[in-house]
Amino acid sequence: MASLQESLSKFKKQQEKCQSTLTSIAAKAESSRARSKSMSTITSASTIAKSPPTPVKFSNDTERLQHINSIRKAPVGAQMKRVIDLLFEKRQALTPEQINEACYVDMIANKAVFDSLRNNPKVRYDGKRLSYKSKHDLKDKSQLLVLIRKFPEGIAVIDLKDSYPTVLEDLQTLKASGQIWLLSNYDSQEDVAYPNDPRAVIKVDDDLKQLFRGIELPRDMLDMERDLQKNGMKPATDTARRRAMADLHGVPPKAKTKKKKNEISKRTKLTNSHLPELFKHLNVPGS
């Protein structure tokens with residue numbers, strides 16, 4: 001009985017010792033975790049303090065908004081030009097909202113721009129939409145030719161060039177096909193389109209005919225070209241350049257051939273013999 005009591009007493013002491021050890025281990029573990037957490041917090045705080053601040057990112061639309069703002073603050077004339085250029089390019093009627101979306105000119109908010117465009121001779125306004133208004137309402141080459149034929153005295157190309165996008169190419173095509181003439185005005189250097197239509201009736205005053213017939217033309221082509229330029233016409237030839245090229249390549253000038261006089265011989269068959277006065281000035285051999 002005494003031996004059993006002693007064994008129980010030893011067992012209790014061992015349990016108390018184990019409990020004390022476990023408590024000590026748990027306390028050390030808790031202390032270690034707290035110290036580790038504290039170090040982590042300090043390290044994190046240090047990292048945050050050392051890292052540079054994140055730059056503020058502006059919206060991707062900032063540049064576009066600045067561009068729109070600069071357009072809307074521009075003078076009325078500059079905004080009008082943007083709209084007219086847009087209408088010229090599109091060649092279709094656009095509402096103020098569509099124009100604002102395309103070129104950022106807000107005509108609804110800017111009454112001065114709207115009123116100026118509505119009354120501009122290059123703009124057509126139907127009450128809702130705006131479109132480009134050319135001087136001559138043409139759509140294609142056939143309409144262009146019909147219009148030119150209405151002006152036998154010529155029509156300035158500058159009045160045609162905004163009719164439709166390919167009008168200048170069509171003018172060159174009509175010129176190449178021989179249906180029109182394109183001549184330059186010497187003073188303004190602007191081309192004038194003339195119809196090349198044999199059916200066109202051109203009335204010329206008698207005074208002008210006499211003046212034309214009374215002008216003695218120069219015998220040298222250089223003088224002829226100078227006279228043309230003095231009178232505002234562009235010569236079709238360049239004699240000075242042609243002669244310079246000929247001299248450079250050693251090409252001798254062509255000798256002028258004298259025209260043979262038409263003489264009447266005895267074998268010549270005469271008509272209108274009943275009108276002898278027609279032949280008084282002729283030299284008939286043997287007469």
Side-chain angles (χ1 to χ4, degrees), residues 54-151 153-176 180-195 232 234:
T54 305
V56 179
K57 291 185 178 180
F58 291 99
S59 169
N60 294 331
D61 287 340
T62 300
E63 186 175 349
R64 185 177 69 90
L65 293 173
Q66 290 176 345
H67 177 60
I68 294 173
N69 187 52
S70 67
I71 291 173
R72 292 177 178 173
K73 285 186 176 180
V76 172
Q79 296 188 56
M80 287 176 59
K81 185 180 184 304
R82 286 184 66 87
V83 174
I84 292 174
D85 289 347
L86 174 69
L87 297 176
F88 177 80
E89 179 186 352
K90 296 294 184 182
R91 295 303 176 114
Q92 59 183 358
L94 301 175
T95 64
E97 291 80 8
Q98 290 172 324
I99 291 172
N100 184 21
E101 184 178 350
C103 67
Y104 309 125
V105 176
D106 189 358
M107 293 187 296
I108 297 175
N110 194 330
K111 189 174 183 297
V113 174
F114 176 73
D115 290 341
S116 299
L117 283 169
R118 186 179 57 180
N119 299 316
N120 191 282
K122 288 295 183 183
V123 176
R124 182 183 291 107
Y125 180 62
D126 62 5
K128 292 183 179 179
R129 296 175 298 177
L130 297 95
S131 58
Y132 187 81
K133 183 180 179 182
S134 57
K135 185 170 184 177
H136 300 283
D137 188 15
L138 305 174
K139 298 294 187 294
D140 52 34
K141 183 172 64 178
S142 60
Q143 292 183 4
L144 174 63
L145 180 59
V146 170
L147 177 69
I148 294 175
R149 284 177 174 171
K150 292 180 180 178
F151 293 86
E153 71 281 3
I155 181 171
V157 172
I158 195 171
D159 293 335
L160 301 171
K161 64 194 309 182
D162 66 342
S163 299
Y164 58 93
T166 60
V167 66
L168 295 180
E169 290 84 348
D170 287 346
L171 282 170
Q172 294 299 328
T173 302
L174 291 173
K175 177 185 175 182
I180 67 168
W181 297 100
L182 283 179
L183 303 178
S184 296
N185 186 303
Y186 183 74
D187 295 327
S188 63
Q189 299 298 320
E190 290 289 344
D191 287 342
V192 179
Y194 296 89
K234 183 179 180 181

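These values consider heavy atoms only, across backbone and side chains, with no hydrogens, waters or symmetry-generated copies.
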Using distance only, find each side-chain donor-acceptor pair of residues 65-78 under 3.5 Å and give its atom names and separation, not counting sequence neighbours.
| unit_1 | atom_1 | unit_2 | atom_2 | d |
| --- | --- | --- | --- | --- |
| S70 | OG | H67 | O | 2.6 |
| R72 | NE | Y104 | O | 3.1 |
| R72 | NH2 | N100 | OD1 | 2.7 |

Name each donor-acceptor pair under 3.5 Å that joins a side chain in residues 105-120 to protein atoms two or more places apart or in another chain, with its distance.
| unit_1 | atom_1 | unit_2 | atom_2 | d |
| --- | --- | --- | --- | --- |
| D106 | OD1 | I108 | N | 3.3 |
| D106 | OD1 | A109 | N | 3.3 |
| N110 | OD1 | A112 | N | 3.3 |
| N110 | OD1 | V113 | N | 3.4 |
| K111 | NZ | D115 | OD2 | 2.7 |
| D115 | OD1 | R118 | NH2 | 3.3 |
| S116 | OG | A112 | O | 2.8 |
| N119 | ND2 | D115 | O | 3.0 |
| N120 | OD1 | K122 | N | 2.8 |

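T173 pairs by the side chain to side chain contact (heavy atoms under 4.5 Å, CB included) definition with K141, not counting sequence neighbours. When the salt bridge (charged side-chain N to carboxylate O under 4.0 Å, His left out) test is applied to K135, the partners found at least two apart in sequence or on another chain are D159. Evaluation of the salt bridge (charged side-chain N to carboxylate O under 4.0 Å, His left out) rule for R129 yields D126 as partners, not counting sequence neighbours. Residues forming a ring-ring contact (aromatic ring centres under 6.0 Å, His included) with Y132 (at least two apart in sequence, or on another chain): F88. Evaluation of the side chain to side chain contact (heavy atoms under 4.5 Å, CB included) rule for Q92 yields K90, L94 as partners, not counting sequence neighbours. Not counting sequence neighbours, the partners of Y164 by the side chain to side chain donor-acceptor pair (under 3.5 Å) test are D170. Under the rule for a salt bridge (charged side-chain N to carboxylate O under 4.0 Å, His left out), the partners of D85 that lie at least two apart in sequence or sit in another chain are K81. Take A102 and apply the side chain to side chain contact (heavy atoms under 4.5 Å, CB included) test, not counting sequence neighbours, and it matches L86.
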### Derivation and outcome, side chain to side chain contact (heavy atoms under 4.5 Å, CB included), residues S131 and V123
CA-CA 6 Å; S131 58; V123 176; over 6 Å; no

### Query
Where do L147 and Q143 land on the side chain to side chain contact (heavy atoms under 4.5 Å, CB included) test, with the steps shown first?
CA-CA 6 Å; L147 177 69; Q143 292 183 4; over 6 Å; no

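The distance from the NZ atom of K133 to the CG atom of L87 is 13.5 Å, given to the nearest 0.5 Å. We find the CD-CD1 distance between E89 and I84 to be 14.0 Å, quoted to the nearest 0.5 Å. Here CG of L160 is found 9.0 Å from CG of L168. Values are rounded to the nearest 0.5 Å. Put simply, CG on D191 and CD1 on I158 are 10.5 Å apart, with the number rounded to the nearest 0.5 Å. The structure places OG1 of T95 at 9.0 Å from CG of L130, a figure rounded to the nearest 0.5 Å.
Within the 4.5 Å cutoff, no side-chain heavy atoms of V157 are placed close to those of V192. Looking at heavy atoms from C-beta onward, I155 lies in side-chain contact with H136 at the 4.5 angstrom threshold. Taking 4.5 Å as the limit, every side-chain heavy atom of D137 sits out of range of all side-chain heavy atoms of S163. At a threshold of 4.5 Å between non-hydrogen side-chain atoms, the residues I99 and R82 do not count as touching. Between I180 and K175 there is a side-chain heavy-atom pair separated by less than 4.5 Å.
Closest non-hydrogen pair, P195 versus F151, comes out as CD-O, 3.3 Å. Taking each heavy atom of K128 and P96 in turn, the nearest pair found is O-CD, 3.5 Å.
Atom CD of E169 has more than 12 neighbouring heavy atoms from other residues, nucleotides or ligands inside a 6.0 Å radius.
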